[in-house]
Amino acid sequence: MSIDAEISRLLDIMPASGRMLTKIVSKPQQSKVIDAPFAPPWNRESRPIYINFDLWRRLPSGQRDLLILRATNRLINIRWFKPDVNQLIVLAGTIGLMVETGQGDAIGMLIAGGLTAISIRQIWRDNKSVQRELDTDEAAIKVALRRGYTEVQAAQNLLEGIENAAKLEGRSILNFTELIRAQHLKSLANLSNVDVPEKIN
């Protein structure tokens, strides 16, 4: 497998927003098959997707397609800036911190800084929640439908990609989040009648 040719193929599969906001980087030294690190809010462009192509080439193309679509959707759908209570608290806390700093009020600075930190932590947790992981899987499947896959094929390829990537990484069992995702994907692929609850934290 030519790395340049595979990167070009993967870029063709990605949605346009993925091509603009992400960058595929070969990282042979990493133990993970594919890694899309959580991007901080200040990194709005060229969010990296790291691939160990020595491991990657051992996966069938359908599994590679769904894993790259999933990684891309994970990065382009990070919601740091959306209008909700936590965002408003962060904004109010930041403004309050600036005002209190200008006035030299140590207690006010502590309260405003604490509110900001708590709200940022909540936003971080929301973006890393199991429900967000399930939503990301479904978003990847929706893009795959536009690439000629059926929902069942896409769900099955993503499921097998998760399982085979774990094996290539030397892991004998999936972690908790991966197990929840696998059960949901089995339901979407018509491999199981049992699905996860409609909303999960």
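Position 1 is the first residue of the sequence; numbering continues from there. Values below: every heavy atom of this structure, side chains too, minus hydrogens, waters and symmetry copies.
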Can you tell if the side chain of [X] reaches within under 4.5 Å of the side chain of [Y], non-hydrogen atoms only?
| X | Y | result |
| --- | --- | --- |
| Leu69 | Pro15 | yes |
| Leu134 | Arg181 | yes |
| Gln63 | Glu163 | no |
| Ile180 | Gln183 | no |
| Leu185 | Ile141 | yes |
| Asp65 | Arg147 | no |
| Lys27 | Lys32 | no |
| Ile68 | Ile24 | yes |

Say you draw a straight line from [atom1] of [X] to [atom2] of [Y]; how long is it, rounded to the nearest 0.5 Å?
| X | Y | atom1 | atom2 | answer |
| --- | --- | --- | --- | --- |
| Ser8 | Ile3 | OG | CD1 | 13.5 Å |
| Glu138 | Asn73 | CD | CG | 11.5 Å |
| Glu160 | Leu191 | CD | CG | 8.0 Å |
| His184 | Gln131 | NE2 | CD | 8.0 Å |
| Leu66 | Ile162 | CG | CD1 | 9.0 Å |
| Arg132 | Asp135 | CZ | CG | 6.5 Å |

Legend entry - Sequence-distant partners of Ala165, side chain to side chain contact (heavy atoms under 4.5 Å, CB included), two or more places apart: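 Testing Ala165 for side chain to side chain contact (heavy atoms under 4.5 Å, CB included), a comparison that skips the adjacent residues, returns Val33, Glu169.
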
Between [X] and [Y], which heavy-atom pair has the shortest distance, and what is it?
| X | Y | result |
| --- | --- | --- |
| Tyr149 | Ser61 | OH-O, 4.4 Å |
| Ala166 | Leu174 | CB-CD2, 3.6 Å |
| Leu188 | Ala155 | CB-CB, 3.7 Å |

Inset, instruction - Please say whether more than 12 non-hydrogen atoms of neighbouring residues, nucleotides or ligands are located less than 6.0 Å from CG in Asn193. - result: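 Open: at most 12 neighbouring heavy atoms sit under 6.0 Å from CG of Asn193.
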
If only atom types and distance count, is the side chain of [X] paired as donor or acceptor with the main-chain N or O of [Y] below 3.5 Å?
| X | Y | result |
| --- | --- | --- |
| Arg47 | Lys23 | no |
| Arg70 | Glu133 | yes |
| Arg58 | Leu168 | no |

Are [Y] and [X] co-members of a hydrophobic cluster defined by side-chain heavy atoms under 4.5 Å apart?
| X | Y | answer |
| --- | --- | --- |
| Val152 | Leu158 | no |
| Leu67 | Leu145 | no |
| Met1 | Ile7 | yes |

Output side-chain donor-acceptor pairs under 3.5 Å for residues 48-56, partner residues at least two apart or in another chain, one line each.
residue	atom	partner	partner atom	Å
Asn52	OD1	Asp54	N	3.0
Asn52	OD1	Leu55	N	3.3
Asn52	ND2	Pro28	O	3.2
Asn52	ND2	Gln30	O	2.8
Asp54	OD1	Arg57	NH1	3.0
Trp56	NE1	Glu6	OE2	2.9

